[in-house]
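Just the heavy atoms: all of them, side chains too, but no hydrogens, waters or symmetry mates, feed the values below.
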Amino acid sequence: MAQANKRAVAYINQFKVLENQRSVWESHWQELADYISPRKADITKHRTAGDKRTELIFDGTAIHAAEMLAASLHGMLTNPSTPWFSLKFKDRTLDGDDEAKEWLEGVTEVMYSAFHRSNFAEAVHELYSDLVVFGTGVMMVERDASTNLRFSTRHIGECFIAEDAEGRVNTVYRKFKMTCIAAKEVFGNDALPTRLQKKAMEEPYEEVEFIHIVHPRDNYDTTKVDNLNKPFASIYIDPEDKQIISESGFDELPYMCPRWLKASFERGYGRSPAMTALADTKMLSKMSEVTIRAAQKQVDPPLMLPDDGFMMPIRTVPGGLNFYRSGTRDRIEPLNIGANNPLGLQMEEQRRQAIRSAFYVDQLILGQGPQMTATEVIQRTEEKMRLLGPVLGRLQAEMLQPLIERVYAVLMRQELFKTPPEFLQASDVEIEYVSPLAKAQRFGDIQSAMRLFESLAPLSQINPQVFDYVDMDGLAKHIIRVLGVPASVVKSDQQVGQERQQKADQEAQMAEQQQIANQAQAMGDAAPMIKAIKE
């Protein structure tokens with residue numbers, strides 16, 4: 001065995017601390033996975049590949065509800081077919097500048113193109129699945145040579161996280177397995193310990209454990225641009241030989257670690273809708289098992305037989321012959337168990353409804369109401385989506401914002417954006433979320449504006465000047481911004497000003513021509529009178 005590295009030993013000791021802190025969550029996660037996400041039930045249990053994982057499940061309501069919530073979040077927050085974020089300047093005066101807007105639109109298009117070329121859609125769906133079941137998701141964003149970006153959602157069972165003073169995740173330890181031949185390709189043969197070099201030659205497909213550590217660097221030289229002087233360190237360790245295999249760095253934290261909900265006194269990991277629904281899920285599974293057994297007894301009931309008079313064995317197959325003693329009145333009779341199936345089914349449906357409510361199924365699916373107008377459908381949909389507002393706030397802060405900032409920085413370092421105009425060099429850019437769920441949270445602003453017009457309309461019949469208090473230009477800009485209308489279909493302030501000036505010039509020219517015509521007509525009408533006066 002190679003001599004242990006002191007830094008590697010220190011990192012392994014820190015890993016053991018995080019491992020001990022996470023141990024209280026593991027049994028809970030395993031139970032959640034067993035009943036709600038069996039394909040990820042590898043927390044404390046370690047099964048062979050392809051093994052059955054549904055032996056505890058007698059009803060799939062919770063599984064389907066969790067899948068529906070994950071798919072709905074994907075469609076409402078990061079739908080690949082519709083815009084879900086946009087960039088804007090913090091300096092609002094730049095919104096009316098065509099050159100500035102064109103550059104910002106070009107940056108946004110490059111980012112969307114990079115998202116679409118990469119594996120973002122499938123990776124983020126796995127992240128939502130982990131969120132709704134385990135309450136914590138971990139996704140890594142890396143640079144890729146072919147598609148510019150590469151996303152990978154890590155199983156919660158292999159991730160150990162720590163927070164900073166503000167409660168944001170800034171440290172991730174990940175314990176994972178890799179084949180020896182893959183380790184040789186990733187790190188290089190010379191970087192591997194002698195033990196792994198030998199295994200790579202003799203048993204190339206045997207899996208070995210590694211620890212990947214990403215944490216903030218306390219001391220580094222900001223004047224250098226090498227990987228060892230970046231804000232975040234990236235270190236791979238062989239825990240058996242206690243050797244550092246690879247060390248580099250990141251300019252930003254490459255991991256996004258959103259939590260669904262998190263108690264103020266708990267640090268690190270979050271809580272999920274599945275945790276709320278776990279008790280009902282386990283009860284429903286047990287109730288379904290009992291109901292199935294009761295139905296089996298009714299369909300194929302136990303038989304009551306006299307202690308003598310029949311020749312064994314009893315044949316219950318179709319066409320089976322059973323012989324009994326001639327002259328006796330004994331018969332084979334079914335046992336009436338007195339099962340009340342409707343009561344059991346009613347109680348099961350109550351549990352199913354509680355599970356659906358925990359996973360927001362009622363908010364995600366619009367009920368079939370009689371004679372619903374299109375306006376009513378839209379309003380009800382917006383109201384249901386606004387109920388997810390608290391969840392949206394945490395997801396924006398812990399997932400969407402660091403995700404977009406990380407992607408922006410990775411693409412910028414690859415010089416995929418056009419050079420910005422000189423007057424934009426010192427301008428800051430911020431993120432605006434325009435997904436359907438984000439729009440629903442702001443839809444109340446538009447309703448307030450519409451109610452303003454409804455309230456002022458009767459007053460305008462008495463005093464038409466009452467609308468002087470409304471800034472129509474400002475209101476139009478506000479509605480355009482809330483609805484997330486693409487900038488390509490909205491005129492700039494400069495273009496609107498030019499068109500208004502042209503219209504004003506045309507009206508002034510027409511008024512001048514009309515004045516000249518009126519003067520000519522007046523002179524023509526006055527000509528006879530002038531002639532008479534002269535005569």
Side-chain angles (χ1 to χ4, degrees), residues 39 64 66-88 104-133 137-154 254-258 260 359-360 363-366 378 381-382 384-385 388 391-412 414 416-417 429-443 481-489:
R39 64 188 179 92
H64 300 153
E67 291 175 351
M68 179 176 294
L69 178 56
S72 299
L73 288 174
H74 189 189
M76 292 188 298
L77 281 178
T78 53
N79 193 333
S81 61
T82 59
W84 49 275
F85 76 92
S86 63
L87 302 179
K88 63 180 182 179
L104 202 57
E105 286 181 1
V107 170
T108 307
E109 290 177 1
V110 171
M111 293 180 67
Y112 273 120
S113 178
F115 274 118
H116 295 159
R117 287 197 310 271
S118 68
N119 63 330
F120 174 72
E122 53 265 35
V124 77
H125 184 263
E126 284 296 310
L127 182 69
Y128 291 134
S129 298
D130 288 347
L131 267 178
V132 301
V133 176
V138 180
M139 183 171 70
M140 188 177 188
V141 182
E142 300 174 278
R143 177 178 176 177
D144 187 85
S146 58
T147 60
N148 304 121
L149 297 172
R150 181 171 68 253
F151 301 87
S152 54
T153 299
R154 305 301 185 183
Y255 286 104
M256 281 79 246
C257 302
W260 182 271
F359 284 101
Y360 300 90
Q363 285 74 36
L364 300 175
I365 298 179
L366 187 65
I378 294 174
T381 303
E382 301 291 347
K384 288 176 178 290
M385 294 173 69
L388 295 173
V391 176
L392 175 63
R394 180 173 287 277
L395 290 181
Q396 286 180 348
E398 296 187 352
M399 188 190 83
L400 297 180
Q401 181 176 345
L403 168 68
I404 296 171
E405 290 177 350
R406 168 71 174 162
V407 169
Y408 177 88
V410 170
L411 297 179
M412 182 180 64
Q414 298 181 55
L416 297 178
F417 301 144
V429 176
E430 60 184 5
I431 304 167
E432 183 174 20
Y433 304 102
V434 294
S435 65
L437 187 55
K439 290 179 183 178
Q441 310 304 316
R442 303 193 300 264
F443 194 72
R481 185 169 59 253
V482 171
L483 293 178
V485 179
S488 58
V489 300

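- Although no hydrogens or angles enter the test, the distance criterion places no donor-acceptor pair under 3.5 Å between the side chain of His74 and the main chain of Val124.
- Remark: Lys88 NZ to Thr108 OG1 distance equals 12.5 Å, nearest 0.5 Å.
- Judged by distance alone, with hydrogens and angles left aside, the side-chain atoms of Gln414 form a donor-acceptor pair with the main-chain N or O of Asn148 at under 3.5 Å.
- Taking a cutoff of 4.0 Å between a charged side-chain nitrogen and a carboxylate oxygen, Arg39 and Glu67 do not qualify as a salt bridge.
- The aromatic rings of Trp84 and Tyr112 sit perpendicular to each other, their planes meeting at more than 60°, with 30° as the lower class boundary.
- From Glu398, atom CD reaches atom CE of Met256 across 11.5 Å, with rounding to the nearest 0.5 Å.
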Inset, instruction - Check step by step if side-chain contact (heavy atoms from CB on, under 4.5 Å) holds for Gln401 and Tyr433. - result: CA-CA 9 Å; Gln401 181 176 345; Tyr433 304 102; 3.3 Å; yes
Legend entry - Criterion side-chain contact (heavy atoms from CB on, under 4.5 Å) on Met68 and Tyr360, from CA distance to verdict: CA-CA 9 Å; Met68 179 176 294; Tyr360 300 90; over 6 Å; no
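- Within the 3.5 Å criterion, the main-chain N or O of Arg150 finds no donor-acceptor partner in the side chain of Ser118.
- Considering only heavy atoms from C-beta on, Ile431 comes within 4.5 Å of Glu405 through its side chain.
- Here the side chains of Val138 and Asp130 are not in contact, with every heavy-atom distance at 4.5 Å or above.
- With values rounded to the nearest 0.5 angstrom, Phe120 atom CZ is found 9.0 Å from Thr153 atom OG1.
- In this structure, Asn119 CG and Thr147 OG1 are separated by 7.0 Å, a value rounded to the nearest 0.5 Å.
- Put simply, the side chain of Phe151 does not reach to within 4.5 Å of the side chain of Glu122, judged on heavy atoms.
- Between Val107 and Val429 there is no side-chain heavy-atom pair separated by less than 4.5 Å.
- To the nearest 0.5 Å, the span separating CG on Leu411 from CZ on Phe115 amounts to 8.0 Å.
- Annotation for Val132 and Ala66: closest pair CG2-O, 3.8 Å, computed over non-hydrogen atoms.
- Tyr128 has its side chain within reach of Thr78: a pair of non-hydrogen atoms, C-beta onward, lies under 4.5 Å apart.
- Closest heavy-atom contact between Leu131 and Pro258: CD2-O, 3.4 Å.
- Residue Leu77 holds its CG atom at 13.5 Å from CZ of Phe85, rounded to the nearest 0.5 Å.
- Here the closest non-hydrogen pair linking Glu142 and Ser152 is OE1-OG, 4.3 Å.
- Screening Met140, Met139, Arg143 for a side chain to side chain contact (heavy atoms under 4.5 Å, CB included) involving Pro254 leaves a single residue, Met140.
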